[in-house]
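First comes the structure, then the notes that go with it.
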Amino acid sequence: MRTQVGIVGAGPAGLMLAQILHLHGIDSVVLECRSREYVIERVRAGVLEQGTVDLMIQSGVGERLAREGMRHEGVHLAFLGARHRVDFVGLTGKAITVYGQNEVVKDLIDARRATGRPLHFEVEGVSVHALDSNTPRIRYQSGGQEHELVCDFIAGCDGFHGICRPSIPAGVLTAYERVYPFAWLGILAQAAPASEELVYALHERGFALFSMRSPRVTRLYLQCAADEDLEKWPDERIWEELITRLAMRDGWKPNVGPVLQKGITGMRSFVVEPMQYYRLFLAGDAAHIVPPTGAKGLNLAVSDVLLLSRGLAHSYQSGRRDLLDRYSADCLRRVWKAQRFSWWMTSMLHRQDDGNPFDYRRQLAELDYITSSRAAMTSLAENYVGLPID
Ligand SMILES: Cc1cc2nc3c(=O)[nH]c(=O)nc-3n(C[C@H](O)[C@H](O)[C@H](O)COP(=O)(O)OP(=O)(O)OC[C@H]3O[C@@H](n4cnc5c(N)ncnc54)[C@H](O)[C@@H]3O)c2cc1C
């Protein structure tokens, strides 16, 4: 079997890449180890930058997003019992859109199916070979048979735990990493959102985030220990803690309802450099992870594959590799700025558990400064809505 671009992973990065390549008339095969249902039902990110929304619309996969996505023109920062609004549109002219990652993935899968191009779920034993040759290969099993896919290029879009990054020979990549001493306990609840916009709260008991997925479903998170045991968190305890951290002096608090899903998300900053090795290109979580506080993970995956698709299209059209050769450097400039922002938001909004009250006072001063200085608020807003892709 032969294809132009072999894509490992059908998350947002792999599926978006496949769609843009299709629009350029470039052939690809997408290989995914999980089932279609699993991939669609996986609840993860939900905040889309304006650039991500624009790209989805331009790529012909934004119809439902334009109809059902919830445009947010600002967020609230809450501390000492009061909310302070950051007006994105007033400060930057741009907005964000709340639309679940699972909805993005569903739309991209439907679009892929409509193209008739291959997307294989539940493949097993995926491995990549001959990466430094002109015909890198992907081997995998499907339907009880061994397959070998001969490619011009391979896109490693297989997430943090995938096989592409570890297939690059030792010594080529440098990894930069920070693991945080806390995690997020997240719930999805059948409750109408009590606010039209997100609320990021720093409380003396720790961080909490109020968010939403639809007009009937609220998404909430609270800071917990890195090794937290979910069993110790019955629904009543979760709600009690959320209300303690999120209830405001003006009476605002989240609406309570049945918990539909709950889980713990670890917090990590991670980047490998470079993001390419000969004809293998890493994109999205395969190359970098951000703590979710800045809502950047999904958006970075999309900006990576936009740059990769441009490099691939240019290479097929002109026979030149200059854009492709610059792929890693071009991505990393934006990736590191998103890393900085995600780290900064995380450090500002989470309690550091070293028993020293200095940091909490400093964090409150920082929040007070941000919410009272137009310059500081603009800096937060322009990063949150998304820096330019190029
Ligand atoms: C639990 C969790 C919660 C998150 N919450 C948020 C959030 O609230 N806000 C935010 O901005 N970001 C969040 N993120 C981050 C965001 O979801 C990711 O940045 C985004 O999914 C990256 O997309 P991706 O396509 O690069 O990787 P993924 O979405 O991880 O996709 C990779 C795909 O590759 C497949 N795969 C892996 N190995 C193989 C293999 N060997 N062969 C074939 N296929 C393979 C996987 O099954 C997966 O479908 C969260 C992430 C996690 C894990």
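Just follow the structure's listing: the first ligand is 1, and inside any ligand the first atom is 1. When a residue number appears, it is its place in the shown sequence, counting from 1. None of the values given here were measured: they were computed from a predicted structure.
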| message | For atom 32 (C) of ligand 1, which of the options C157, P166, A287, G266 provides the nearest non-hydrogen atom? | response | C157
| note | Across all chains, not counting sequence neighbours, the side-chain contact (heavy atoms from CB on, under 4.5 Å) partners of R44 are R42, Q101
| task | Output the list of atoms in ligand 1 that are nearer than 4.0 Å to some heavy atom of G284, sorted by atom number. | result | 26 (O)
| Is there a donor-acceptor pair under 3.5 Å between the side chain of Q19 and the backbone N or O of S59? | yes
Below 3.5 Å, can you tabulate the donor-acceptor pairs from side chains in residues 166-177 to any protein atom, sequence neighbours excluded?
unit_1, atom_1, unit_2, atom_2, d
S167, OG, I163, O, 2.5
E177, OE2, R268, NH1, 2.3

| Taking non-hydrogen atoms only, is L300 closer than 4.0 angstrom to ligand 1 via side chain, backbone, both or neither? | neither
| task | Please could you name the atoms of ligand 1 that V8 approaches to less than 4.0 Å, counting only its heavy atoms? | result | 42 (N), 43 (C)
| query | Does ligand 1 have an atom under 4.0 Å from some heavy atom of Y221? | reply | yes
| query | For ligand 1, which atoms sit closer than 4.0 Å to a heavy atom of D158? | reply | 32 (C), 34 (O), 36 (N), 37 (C), 38 (N), 39 (C), 45 (C)
| query | Can you check whether Q101 has an N/O within less than 3.5 Å of an N/O in ligand 1? | reply | yes
| remark: Among non-hydrogen protein atoms, atom 19 (O) of ligand 1 lies closest to D285 OD1, 2.7 Å
| Which ligand 1 atoms does K296 reach within 4.0 Å, using its non-hydrogen atoms? | 11 (O)
| query | Could a heavy atom of V47 be found less than 4.0 Å from some atom of ligand 1? | reply | no
| Taking the six-membered ring where the residue is Trp, are the ring centres of W252 and F210 under 6.0 Å apart? | yes
| At a 4.0 Å threshold, what atoms of ligand 1 neighbour a non-hydrogen atom of G159? | 27 (O), 30 (O), 32 (C)
| said: Among all protein heavy atoms in this structure, tell me which lies nearest to atom 1 (C) of ligand 1, with the distance rounded to 0.1 Å. | reply: T265 OG1, 3.9 Å
| said: For atom 44 (N) of ligand 1, what is the closest protein heavy atom, and at what distance to 0.1 Å? | reply: C33 N, 3.2 Å
| query | In the protein, which heavy atom is nearest to atom 31 (O) of ligand 1, and how far is it? | reply | G11 CA, 3.4 Å
| request: Look at the aromatic rings of H350 and W184 and report parallel, tilted or perpendicular, splitting at 30° and 60°. | output: parallel
| field | Side chain proximity check, L282 to Q276, heavy atoms < 4.5 angstrom | value | no
| request: Determine, using heavy atoms of R219 and all atoms of ligand 1, whether some pair is separated by less than 4.0 Å. | output: no
| query | Counting from 1, what ligand 1 atoms have a heavy atom of V126 closer than 4.0 Å? | reply | 42 (N)
